[in-house]
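No experiment lies behind these values; they were computed from the predicted model shown. Here is how names work: the chains are called A, B, and so on, in the same order as the sequence lines, proteins then strands, and each is numbered from 1.
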Amino acid sequence: MTFFLAILDGLIVLLLAPLTVGFVRLAKARFQNRRGAPVYLPYLTLLSLMRKEMTVTKHSSWVFAAAPFFVLASAIALAFIVPTAAAGVLPDFASNLFLVGGIAAFGSVFLAMGGMDAASTFGNMGASREMTLAAFVEPAFYMGFSALALVGGTWSLDGILRHLASLPWSAGVPAASIALVALVFVTLAENARYPVDNPATHLELTMVHEAMLLEYSGPSLALLEYASAVKLTVMLGLVASLSLPFFLIQPPVTALGLVLGVLALIAKLALAAFVLAFIESTFVKMRFYRMQEYFSLAFIVALAGLLLALISMTR
Amino acid sequence: MAPSVFGLLFVAALVLPLLGSAAALLARRAGWGNALSQYLFMLSGVLGLAALAGYFTALHAASSVVLLSSPVLAFSVTPLSAFFLLIVYLGTFITSLYALGYLPLYADAYSVPLTNAVSGVFLFALAAVLLSTTVFTFLLSWELMSLSAYFLVIADRSPESLSAGFLYLVMTHIGFACLSAGFLLLSGGHAFISFDGVREVARQLNPAALAAAFALLFIGFGSKAGLVPLHQWLPYAHPQAPSHSSALLSGTMLKVALYGFLLALTLFPGIPASWAFTVAAVGLISAFFGALSAAVEHDAKRLLAWSSVENMGLIFSGVGIALVLHGLSMPLSGALAAAFALFVAFHVLNHFAFKTGLFLATGAMVAKTHTRDLDLYGGLAGKWPAFSGVFLVLVIAAAALPPSGTFFGEWLYLQSLAAALRFSSPLLVASAAAALGLAALVGGLALFAFVKFFSAAFLGRARSEHAEAAEPMPVLLLVPPLLCAAFSVLLGLFGLPVLSAATAGFGSLVPVTTVVPGASMSAWFVFALLAFASAFAFIAYRVFARNRTVRRTETWDCGTPLTPRMEYTATGFSAPMRFFFRGLVMAQKEILAEAVVPGNPWIANRRIEWSIASVWEAWLYRRIARGIVSVAAFVKRLQNGVIQLYLLFVLLALIIVVLVAL
Amino acid sequence: MTPTVLSASLLGAMLVASLLMESRMRLTSLVTLFRVQSAFLGFYALLLAYAEGAIHLAVIALLILALKAFVIPEFLLRVARASGASERLEAYVRPTTLSFAGLLVVGLAFAATNLLLPDGHYFAAAVSLSLVMLGFLLLVSRKDMFGQGIGFLGMENGIFIFGLALTGGMPLLVELSALFDLLILFILVAALVRRAQHEHSSVGTDLLRTLTD
Amino acid sequence: MTILALILLSILSGVLPFFARRFETVTALALLGSSGVAALSAVVGMPALLGASALSGGGLWYVDPFGGLLVLLIGFMQWTATMASVPYLGEEVRKGITSLARTKRYFALLALFVLSMLVTVVSNNLGFMWVALEATTLTTTLLVAFYDRKGSVEAAWKYLILCSTGISLGLIGLLMTYYAASSVMAGGATLDWTTLAASAHAFPASIMRIAFAFILIGFGTKAGLVPMHAWLPDAHSSAPSPVSGLLSGVLLNAALFAVLRYKALADLSAGGSGWTNGLLLGFGVLTVAVPAAFIIFQADYKRLLAYSSVEHMGLITFSTGLGVAGPLIAVIHIIGHALTKSMLFIGAGNILHRYESTKFANVGAVMRVLPYTGAFFLAGILLLLAAPLSPLFVSEYFIVSAAVATHPLYTLIILFALSVIFAGFLHLFAPLLFTAPSRGAEALAEKTGERWNISHTAMLLHIVLLLAFGAFLLTGAAYPLLEHVAASIT
């Protein structure tokens with residue numbers, strides 16, 4: 001029974017991914033006093049991209065063609081092993097936090113290789129910067145999640161979520177609050193949002209993630225766009241459900257509980273998208289060569305989270 | 001197999017390399033000389049593996065097989081040495097298979113018979129170090145190993161390899177001096193003493209002597225394993241050797257240094273926490289410097305050498321932390337110490353697999369493109385699709401990405417460190433947190449280095465005629481790296497379960513490895529997950545993508561026609577790293593502008609000169625060298641040619657000795 | 001003049017001779033003083049031989065008189081004149097300082113003797129030790145090869161007295177071969193002096209400073 | 001009786017070449033003579049080495065196992081030195097550097113030198129030993145000044161004056177020992193070592209200590225101990241190479257042999273070897289450390305080999321002072337160093353003739369230009385730097401094993417000095433062997449290649465003997481025999 005719930009949790013995320021991106025774009029538009037496109041527009045763009053013809057540069061090799069599949073595979077794997085709507089459905093070895101870190105790195109590596117194979121300076125610069133960011137995000141990523149693990153008592157995200165859900169809100173979440181802030185830093189860096197990277201531009205000096213997608217077109221571009229959408233949804237969903245561990249789908253589930261869970265997830269994703277849009281509209285993008293300040297800040301916040309977790313645990 | 005039979009097998013495997021080198025010398029005129037010696041080496045590898053198989057299954061690796069026990073020389077197989085012998089014989093087999101196709105390509109650069117003869121002695125010495133059970137035999141075979149490695153490094157007699165060989169042999173000799181002093185300090189004056197004897201003698205030694213002996217042994221083995229600050233020879237020496245030998249140097253010799261250190265640890269009655277902390281700290285610092293230098297390096301083989309420094313640093317820090325935890329008596333410390341020991345064993349195997357494969361593959365690449373500078377590579381994936389596929393698997397293993405065995409090794413390491421955060425003593429938690437942060441950064445830097453290596457070499461357009469005119473890759477040079485890649489994937493799938501089963505003592509395969517309750521990992525699940533996700537993505541593509549026509553066009557260049565020189569080279573790729581760590585890699589960049597028309601600053605030919613230097617070499621090595629030189633210059637003034645002064649020396653000595661005699 | 005007074009005065013004469021040798025800056029005067037010293041040495045040995053009735057000692061004494069008083073100095077002067085070496089000798093310091101240094105050395109030697117040999121024949125040992133030290137001083141202070149050669153021979157004389165004073169002389173065969181060695185040594189000194197004079201047209205040792213480091 | 005025959009034969013082999021007129025007959029006669037001497041010294045040395053020590057010639061000669069070993073070494077090495085001298089002088093005669101008369105004088109002096117060394121080692125009478133040691137200096141002075149080169153007179157003069165001064169100090173020491181003996185022994189003192197050793201326990205310890213002081217400084221000058229070593233690099237580098245091979249290889253050990261004779265007497269009189277060991281250890285460390293400074297940036301490879309001899313003498317002296325296990329180590333090191341160093345000098349001779357310069361800057365790519373000499377030279381360097389199969393590896397291992405527990409500071413100084421010397425050797429000899437010289441590289445083209453001559457046979461003999469001895473050490477059987485030899489030193 002829990003096996004189906006895990007598959008369901010993954011599928012929900014896969015379906016909702018373009019919706020979250022739509023939410024974020026809508027919220028940002030509204031912040032900029034624009035009407036913004038309808039929320040379901042990303043679904044349509046992906047489908048239309050799928051039907052377009054692909055133009056591939058002569059100089060690229062098989063790596064350029066294979067990269068989108070691996071990037072999407074890593075995103076899909078993340079969707080299935082990171083709990084968003086459901087809790088207590090995955091065994092310990094399935095959602096170990098270091099496994100999540102590894103698979104995220106797997107995805108960004110192939111994205112960077114795709115960028116490098118395009119033999120254009122834009123892609124190369126994007127790949128070089130992406131790999132630098134991936135290298136610097138790891139300490140903060142693992143320290144933040146370890147702080148959470150101390151609070152949750154186990155190293156599998158699913159177990160942490162289940163533990164937080166079982167505790168009254170005041171007991172669990174405050175202890176993990178600083179760690180969650182660190183995770184927000186990490187999420188922004190991992191998904192190429194402000195202040196690390198500007199997702200909406202094609203200006204070579206400010207784009208990192210977009211630069212690597214520059215050479216892709218047609219179905220490959222769709223796969224890559226969809227993969228980044230899924231990754232964004234997974235991480236936003238995780239942070240949201242960790243900070244608001246209510247209405248989660250627990251194993252002895254009833255039909256009502258299921259529907260409520262999905263709706264709660266949609267609400268949480270909308271809220272998270274709104275917060276993300278708010279951050280993106282207020283913060284300015286940091287210069288790439290000041291990135292070590294950003295990541296050292298993230299690491300220090302994670303350490304503070306660890307300290308708080310230790311104090312709250314021993315008390 | 002009865003014990004005596006594979007005692008014979010071990011002896012055969014030990015002696016065959018010497019036969020191979022003799023054959024190489026005797027048949028130096030004949031064309032098939034190289035082939036004959038390589039086959040003999042491979043035979044020794046196969047026999048060794050067969051003997052080990054027999055040893056592991058039949059005796060359940062509990063007791064040791066004595067091969068020779070004369071009062072001076074004594075060889076026998078012990079459980080600890082059997083594990084490392086596995087690596088030596090695997091390495092022998094694969095590198096000799098590779099040398100079959102590789103050495104004929106370099107018939108003019110290396111004198112093939114001599115190189116084979118020396119590598120035969122080297123292979124013998126590697127196995128002999130592992131098999132020796134008395135201090136004298138150990139030091140004898142150790143010195144033989146170091147010396148034969150020197151002759152492999154200077155195989156092509158070029159000035160760079162001579163200076164690299166010089167630095168290597170001087171550091172090795174200092175290490176050997178420390179080793180002999182350390183071992184003999186422990187054996188208390190007995191010249192011919194077995195390691196068991198040393199254990200008894202060490203028990204009665206006073207703590208100061210034990211501390212001095214440990215320091216000496218750590219310096220000796222650390223310098224050989226390439227730990228900071230005695231690592232500077234490794235990035236110079238390994239690349240200069242022929243590729244199949246540098247694969248052996250990096251893949252196997254560093255492990256023998258680790259074996260020596262582990263053997264030395266068993267000799268001490270007890271390891272205080274302060275020693276273990278220093279080992280862990282030095283290990284982590286070496287890992288950081290190794291990874292950082294690999295990230296900014298643009299010479300292919302030197303990058304791999306730096307990555308060896310990083311991995312050996314990680315392994316030694318694993319040993320250090322295991323020792324610290326072993327000393328504690330807290331609830332989880334026992335399980336965590338076992339986890340780190342498992343990490344050391346597993347990472348040794350993983351590093352052997354991917355490093356040997358990478359060195360062999362890079363050797364093939366350098367053989368075909370005649371340059372080692374990554375900035376001149378590019379577009380090789382198009383020319384050698386199969387080869388680049390194998391290389392990608394090896395790079396994934398080197399960068400510790402999920403499906404590879406190294407990822408599960410890194411997981412063991414980081415997971416156990418995170419689990420150590422729960423201990424109560426603040427010092428332990430602080431150092432565990434620092435170690436976790438640094439280890440994660442090291443993982444990131446290694447990731448950066450190997451992505452840079454793969455993409456600069458294989459992707460994009462050829463940046464020079466070296467890469468443009470790369471000849472097709474012969475199969476013989478492709479098979480050994482393929483074997484290594486396969487072995488690394490196998491390690492990923494079965495490595496952790498088999499090893500934890502072996503160490504845990506029961507026979508059945510353990511699908512899920514658990515470090516502490518709540519922290520477990522199953523290799524098969526990860527493979528299944530990635531396979532399922534890739535299938536899912538492919539099916540999504542097949543279902544949704546109606547129009548699958550592909551049009552090959554020029555890369556989008558917004559107007560200005562793109563040339564290969566506009567691509568990011570490996571140096572360009574690592575520019576952010578050089579900027580962020582400019583203090584540590586001592587990066588200097590100068591843009592020199594000479595005005596075309598004197599007096600007119602605007603029109604000028606600009607030239608950029610940039611350089612990175614090793615912090616250690618600048619601060620530590622040159623300082624010591626300058627100190628020795630100044631002392632030598634001072635002492636040299638004694639021999640100034642004036643006979644009257646010499647007579648005064650004699651008189652002075654006489655007076656002093658007579659005064660002593662009164 | 002009982003034998004002991006006679007031997008004491010002979011030893012005193014030898015001491016004075018070698019003290020004077022320290023400050024001689026001309027070759028001929030240095031050689032003559034060396035002859036005088038060796039002659040006294042020969043008589044002292046004869047006296048001892050007569051006193052103890054040791055025939056082998058007498059033979060040795062006569063040989064010393066023959067060799068050290070006549071043959072060697074004569075041969076040295078002929079070589080010096082044949083090779084055209086300059087008559088003037090040089091030293092690192094002025095002659096007066098040399099003689100004061102000689103005095104200091106003799107004082108030290110006398111003081112050191114009772115440290116080295118608390119119960120032996122004190123005066124003879126002291127004189128022999130000072131002769132050795134004076135020879136050494138000559139070796140160290142003189143710049144030219146002649147000075148060093150003569151200094152070395154003076155030291156040999158000192159050691160010979162040391163042997164006589166302590167043990168009444170070594171067995172004949174050993175003494176003979178020792179003297180034979182001394183003769184060969186002197187021939188070599190002469191040969192090297194001639195070669196040096198031939199090559200550098202000077203016997204100064206400051207030209208012999210090329211082999212450094 | 002056989003010793004008398006040995007002495008007569010060596011005098012004969014010295015005189016023989018004078019009767020020949022052509023160069024070939026001179027060398028043939030010299031070779032014949034030296035082979036005879038080698039055979040006879042084997043007859044004298046071997047029984048003493050294996051069996052008990054033999055007193056013969058009416059108490060004049062005394063050959064104990066250690067003496068026997070040195071006789072054997074002298075016999076073998078003068079044989080290979082003469083073999084190497086034949087092509088060495090042949091080349092010089094062909095180039096007109098040396099006249100036929102000089103070659104005759106060369107072989108005569110060489111034979112006399114060998115004779116004096118043999119007498120030093122076998123004489124029971126300490127007076128005779130002193131005379132023989134002085135004779136070694138005298139016979140080799142003209143050999144050091146053999147060539148008319150710039151530094152040879154200077155080297156010979158320094159060699160003569162310094163060594164003779166040293167040996168005179170040794171004479172004072174001998175006289176004091178004689179004095180100490182006569183004050184105690186009833187039947188009148190003799191200079192025979194065996195009788196002295198029998199009653200040495202009664203000698204007054206204070207006088208014997210001062211006597212040993214004089215002996216150590218006196219004969220130490222001859223053995224090249226620092227600070228009395230200044231003559232050694234000059235003399236050994238300006239002498240003809242085969243002779244400097246003998247000088248470095250075995251003459252230094254003969255001088256140390258003399259010192260050890262007196263050490264035995266001093267130890268017996270003092271009732272314990274603590275005091276003398278302390279002195280030997282101190283001088284040993286000094287003699288290993290100081291040459292390191294000269295070896296690092298040495299410009300002349302013959303001087304480098306000479307400094308290396310000083311360093312190895314330091315190691316031998318240090319090991320003799322290491323108490324019980326000491327003499328065993330000294331024996332191994334003496335054999336190892338003697339054979340290796342003389343071979344290297346023979347190789348250096350060949351290199352000198354082909355490149356006509358002893359400077360590192362003008363010499364290079366020897367492995368390509370002189371294939372045989374290069375290969376043997378490389379093997380020699382490795383054996384000298386204590387490569388695994390070399391006897392020096394075993395002896396240096398034993399030194400560290402015996403000394404690290406009791407004298408940690410000394411061991412660290414020695415290990416550091418050895419590392420510096422190792423680095424210096426490698427830094428200088430690797431380019432010499434492998435890369436073309438900076439100056440005169442193009443002139444090498446037509447000089448490449450060499451034919452196998454008798455000097456290569458000599459070098460090969462040395463290497464085979466060394467490797468055999470190294471392998472013999474690896475089996476357990478070597479150590480009882482070596483203990484037997486070492487026991488006779490203390």
### Message
Using side-chain heavy atoms (C-beta onward) and a distance below 4.5 Å, is F128(D) in contact with L173(C)?
### Response
yes

#### Entry: Min side-chain heavy-atom separation P171(C)-Y178(D) under 4.5 Å
yes

#### Entry: E154(D) side-chain N/O to T210(C) backbone N/O, donor-acceptor pair under 3.5 Å
yes

### Query
For the side chain of R195(C) and the backbone of A145(D), is there at least one donor-acceptor N/O pair under 3.5 Å apart?
yes

### Task
For residues E199(C) and K150(D), report the shortest heavy-atom separation together with the two atoms involved.
OE1-O, 4.4 Å

### Residues from residues 178-190 of chain C approaching chain D under 4.5 Å (heavy atoms)
A178(C), D181(C), I184(C), L185(C), L188(C), V189(C)

What residue in [options] has the most heavy-atom pairs under 4.5 Å with chain C?
{"options": "A155(D), G151(D), S164(D)", "value": "S164(D)"}
{"options": "G127(D), S168(D), A230(D)", "value": "S168(D)"}
{"options": "D148(D), V153(D), V131(D), L160(D)", "value": "V131(D)"}

### Summary
Expected contact set for residues 135-143 of chain D against chain C at heavy-atom separation under 4.5 Å reads A135(D), L138(D), T141(D), L142(D)

### Engaged part of T205(C) at the chain D interface, taking heavy atoms whose separation is under 4.5 Å
side chain

Tell me whether [X] at atom [atom1] has more than 12 heavy atoms from other residues, nucleotides or ligands lying less than 6.0 Å away.
{"X": "H198(C)", "atom1": "NE2", "answer": "no"}
{"X": "F70(C)", "atom1": "CZ", "answer": "no"}
{"X": "K359(D)", "atom1": "NZ", "answer": "yes"}

Which atom pairs, one a donor and one an acceptor, fall under 3.5 Å between side chains of residues 131-145 of chain C and the rest of the protein, sequence neighbours left out?
{"from": "S141(C)", "atom 1": "OG", "to": "L137(C)", "atom 2": "O", "distance (Å)": "2.8"}
{"from": "S141(C)", "atom 1": "OG", "to": "L138(C)", "atom 2": "O", "distance (Å)": "3.4"}
{"from": "R142(C)", "atom 1": "NH1", "to": "R24(C)", "atom 2": "O", "distance (Å)": "3.0"}
{"from": "R142(C)", "atom 1": "NH2", "to": "M21(C)", "atom 2": "O", "distance (Å)": "3.4"}
{"from": "R142(C)", "atom 1": "NH2", "to": "E22(C)", "atom 2": "O", "distance (Å)": "2.6"}
{"from": "R142(C)", "atom 1": "NH2", "to": "R24(C)", "atom 2": "O", "distance (Å)": "2.7"}
{"from": "D144(C)", "atom 1": "OD1", "to": "E90(C)", "atom 2": "N", "distance (Å)": "3.3"}
{"from": "D144(C)", "atom 1": "OD2", "to": "F146(C)", "atom 2": "N", "distance (Å)": "3.1"}
{"from": "D144(C)", "atom 1": "OD2", "to": "G147(C)", "atom 2": "N", "distance (Å)": "2.6"}

### Task
State the CZ-OG1 distance between R303(D) and T212(C), to the nearest 0.5 angstrom.
7.0 Å

### Query
Roughly how far, to the nearest 0.5 Å, is the CD1 atom of I172(D) from the CE atom of M155(C)?
7.0 Å

### Message
Just to verify, what does A61(C) make a side chain to side chain contact (heavy atoms under 4.5 Å, CB included) with, not counting sequence neighbours?
### Response
A45(C), L46(C)

